[in-house]
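Below is one structure, written out as structure tokens; the observations come after it.
We count ligands from 1, going down the list as the structure has it; atoms in each ligand are counted the same way.
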Amino acid sequence: MRLFLLQKVTTLVAITKIDSVDGSNSIDESLFALIAQDIQERGYSIRPTALPEGLANTLYNHQQALEVDKFNDAGIGRGGEYLKNEFVRTDAISWITNDSDACCDWLNWTGNLQTFLNRRLFLGLFSFESHFAHYGPGDYYKRHYDAFRGESNRVLSVVVYFNTNWAPNDGGELVLYQNEHDKEGTKVVPLLGTIVTFLSEEFPHEVLAAKRDRYSIAGWFRVNTSVSDRVDPPL
Ligand code: OGA
Ligand code: MN
């Protein structure tokens, strides 16, 4: 899938170079262009201090203010869809809707990223879902894929972090593996403003146990797999 996608992308990207995108937010668009290039070249992107500072702070403050009862144990999932994860993760999550200025700003930003990536890479991203995640001390998420071939319409995963002063022995790194055989992986420190994006079916990854509170958003861009008897995304 990755090879196929990247071949397709490489062919089409030459055409899109002449396609100028509306320049209303030039800072973000240069970031989006870097993310697109990373994905085109290697299927994933790790960009420290990349999330616009105002947005990062707004989201951090919003997550801190969320009532504890807005968070659910992860792994229960929506409609039982992600029951697979129940035994492998211990974080708490809160799904994002457009019910606050902070979340609207986030969905606006991810919407712009989606539009940009669709224009640049022809990914056909159709919808987006995301949640805040809180890992308390000792929490982890074992090695997993975000999507399984033929089973899911999640195409691109995105994770952003809201943690300052993360020390080397605080744990809680994201480890992104190149493929199912990779044992070493690439460690990502969950620092405020870091944006990680990767093709959901291609990269196994895990969250190492954190020794302190760890705050983030994880999200997924999906393609539309509607067929006549099924409405997508799920109601
Ligand atoms: C996830 C996930 C990674 C992270 O929620 O599926 O892999 O670094 N999160 O929080
Ligand atoms: Mn994941």
Side-chain angles (χ1 to χ4, degrees), residues 1-2 35 38-39 43-51 56 59-60 62-64 66 70-78 80-96 103 106 110 127-149 151-164 166-168 170-180 182 185-222:
M1 155 72 178
R2 193 186 322 169
I35 292 173
D38 290 342
I39 290 169
Y44 70 92
S45 172
I46 299 169
R47 291 268 157 202
T49 60
L51 194 64
L59 290 168
Y60 170 75
H62 185 75
Q63 183 170 16
Q64 295 304 307
L66 275 179
K70 288 253 164 76
F71 280 84
N72 297 307
D73 285 345
I76 295 163
R78 279 172 158 174
E81 204 181 340
Y82 302 119
L83 266 179
K84 294 186 175 80
N85 291 339
E86 194 171 355
F87 306 103
V88 298
R89 66 188 296 187
T90 61
D91 58 318
I93 62 170
S94 176
W95 287 97
I96 291 178
C103 291
W106 164 247
T110 59
S127 67
F128 181 70
E129 59 183 350
S130 60
H131 61 58
F132 288 103
H134 171 216
Y135 292 71
D139 283 342
Y140 57 82
Y141 194 161
K142 296 280 189 211
R143 182 169 170 143
H144 65 281
Y145 286 92
D146 282 348
F148 295 91
R149 279 188 184 79
E151 269 185 45
S152 168
N153 51 5
R154 286 176 169 183
V155 170
L156 189 74
S157 302
V158 56
V159 192
V160 300
Y161 303 100
F162 308 118
N163 310 289
T164 48
W166 201 265
D170 283 335
E173 294 97 342
L174 167 69
V175 190
L176 197 62
Y177 298 99
Q178 286 302 311
N179 53 55
E180 61 184 307
D182 183 8
T186 304
K187 278 190 185 174
V188 183
V189 176
L191 268 180
L192 180 72
T194 296
I195 304 171
V196 179
T197 38
F198 55 93
L199 295 172
S200 305
E201 287 184 356
E202 301 294 324
F203 297 93
H205 54 282
E206 70 177 310
V207 179
L208 303 179
K211 296 200 178 123
R212 51 175 271 208
D213 290 306
R214 176 194 197 267
Y215 299 97
S216 60
I217 292 176
W220 300 272
F221 294 99
R222 300 160 73 123

Parallel, tilted or perpendicular: ring planes of His131 versus Trp95, cut at 30 and 60 degrees = perpendicular
Ser130 side chain to Ile96 main-chain N or O, any donor-acceptor pair under 3.5 Å?
-> no
Any protein N or O within less than 3.5 Å of an N or O in ligand 1? List each pair with its distance, or say none.
from: ligand 1; atom 1: 6 (O); to: His144; atom 2: NE2; distance (Å): 3.3
from: ligand 1; atom 1: 6 (O); to: Asp146; atom 2: OD1; distance (Å): 3.2
from: ligand 1; atom 1: 7 (O); to: His144; atom 2: NE2; distance (Å): 3.2
from: ligand 1; atom 1: 7 (O); to: His205; atom 2: NE2; distance (Å): 2.9
from: ligand 1; atom 1: 8 (O); to: Tyr161; atom 2: OH; distance (Å): 2.6
from: ligand 1; atom 1: 8 (O); to: Arg214; atom 2: NH2; distance (Å): 2.8
from: ligand 1; atom 1: 10 (O); to: Arg214; atom 2: NH1; distance (Å): 2.9

By side chain to side chain contact (heavy atoms under 4.5 Å, CB included), which residues pair with Ala147, not counting sequence neighbours?
-> Ser152, Arg154, Ser200, Glu201
Within the distance-only criterion (no hydrogens, no angle test), does the side chain of Trp106 pair as donor or acceptor with the backbone N or O of Ala56 below 3.5 angstrom?
-> no
Residue set satisfying side chain to side chain contact (heavy atoms under 4.5 Å, CB included) with Tyr60, at least two apart, ordered chain then number -> Gln64, Phe162
I would like to know whether Arg149 and Glu202 meet salt bridge (charged side-chain N to carboxylate O under 4.0 Å, His left out); could you show each step before the answer?
-> CA-CA 9 Å; Arg149 279 188 184 79; Glu202 301 294 324; 3.5 Å; yes
Does Glu180 offer a backbone N or O that forms a donor-acceptor pair with the side chain of Arg143 under 3.5 Å?
-> yes
Side-chain (His205) to main-chain (Phe203) donor-acceptor, under 3.5 angstrom | yes
Between Asn163 (side chain) and Tyr215 (backbone), is there a donor-acceptor pair under 3.5 Å?
-> yes
Output, by chain and residue number, all protein N/O/S atoms separated from the Mn ion (ligand 2) by less than 2.8 Å.
-> His144 NE2, Asp146 OD1, His205 NE2
